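Just so it is clear, the values below take in all heavy atoms, side chains as well, and ignore hydrogens, waters and symmetry mates. Note that the structure is a prediction, hence the values are computed from the model and not measured. Numbering of residues begins at 1 and proceeds along the displayed sequence. Counting convention: from 1, in listed order, for ligands and their atoms alike.
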Amino acid sequence: MERLQKYLSSCGVASRRKSEELILKGHVRVNDEIVNELGFKIKEQDKVYVDDVLVTRSEKLYYLLYKPEKIICSVSDEKGRTTVVDLIDTEEKIFPVGRLDYDTSGLLLLTNDGELSNKLTHPSGHVPKTYAVKVEGIVTPEELRTLEKGVVIDGVKTKKAYAKLVRTDKKNNKTYIELTITEGRNHQVKKMMEVINHKVLKLKRISYAFLNLSGLSIGEYRTLSIKEVRQLYSVVNKK
Ligand code: URA
């Protein structure tokens with residue numbers, strides 16, 4: 001038997017006092033019942049949820065990495081090359097959430113939470129991901145609109161996207177755009193740009209849902225806060 005607020009804080013949900021607030025405000029459910037009074041004691045077999053997210057003591061790890069180019073986005077490599085997992089200092093078995101190409105840099109999540117990873121990478125895709133894209137040639141407003149409406153890649157039309165012109169470099173015949181997509185199909189951005197006849201020269205993911213790269217230099221990482229993990233769960237559970 002353990003007091004509910006003590007259990008919540010020991011699982012890292014929030015401080016003891018904040019956990020009490022969560023309870024009093026009706027955010028906490030034990031099995032099927034909302035518990036909104038203090039003093040409740042839970043038993044070993046009870047399941048505790050905060051805003052419908054199961055609270056567990058088992059250690060779940062969440063990292064946000066600023067992936068450099070030329071690093072393989074997988075757990076291991078048969079040729080022994082450095083992978084994104086090698087960049088994180090942990091003994092736990094973690095894996096990347098989705099993929100970034102070898103030559104793509106930017107925001108990559110890594111975790112050992114299979115449930116969250118599956119939800120974030122589900123083909124019905126819903127989580128917005130923004131890429132900074134440098135392409136060959138000058139992209140016209142019409143071409144940007146074509147990208148936004150959806151283009152056919154591998155026989156299937158892409159979902160609505162958002163494309164913003166950042167800068168054109170007429171002298172060097174290059175365009176910089178930001179493209180926000182909600183799916184995560186294989187080489188999606190490169191293939192979308194290929195449809196409008198612009199070769200991608202550089203690709204960097206600058207945001208993933210509400211997360212961005214601020215405070216991190218290339219190759220650096222940080223852990224996600226519990227609040228951010230809960231927010232990610234609420235993004236995917238809203239679908
Ligand atoms: N789209 C691509 O083409 N490559 C990536 O790495 C990510 C999105």
Going through the distances and angles, do Tyr66 and Lys204 end up as a side-chain hydrogen bond (donor to acceptor under 3.5 Å, both in side chains)? CA-CA 10 Å; Tyr66 186 160; Lys204 171 172 148 185; 3.0 Å; yes
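Side chain to side chain, Glu143 and His198 meet the donor-acceptor criterion of an N or O pair below 3.5 Å.
Considering only residues two or more places apart in sequence or on other chains, Tyr63 meets the ring pair (Phe, Tyr, Trp, His ring centres under 6.0 Å) condition with Tyr221.
Protein residues having a heavy atom under 4.0 Å from any atom of ligand 1 are Leu100, Asp101, Thr104, Tyr131, His187, Gln188, Val189, Lys190, Leu203, listed by chain and number.
Asp51 has its side chain out of reach of Leu22: every pair of non-hydrogen atoms, C-beta onward, lies at least 4.5 Å apart.
Sequence neighbours left out, the pairs with a member in residues 31-43 that pass side chain to side chain donor-acceptor pair (under 3.5 Å) are Asn31-Asp46. Residue pairs that meet the side chain to side chain donor-acceptor pair (under 3.5 Å) test with at least one member in residues 164-173, sequence neighbours left out, are Asp169-Asn172.
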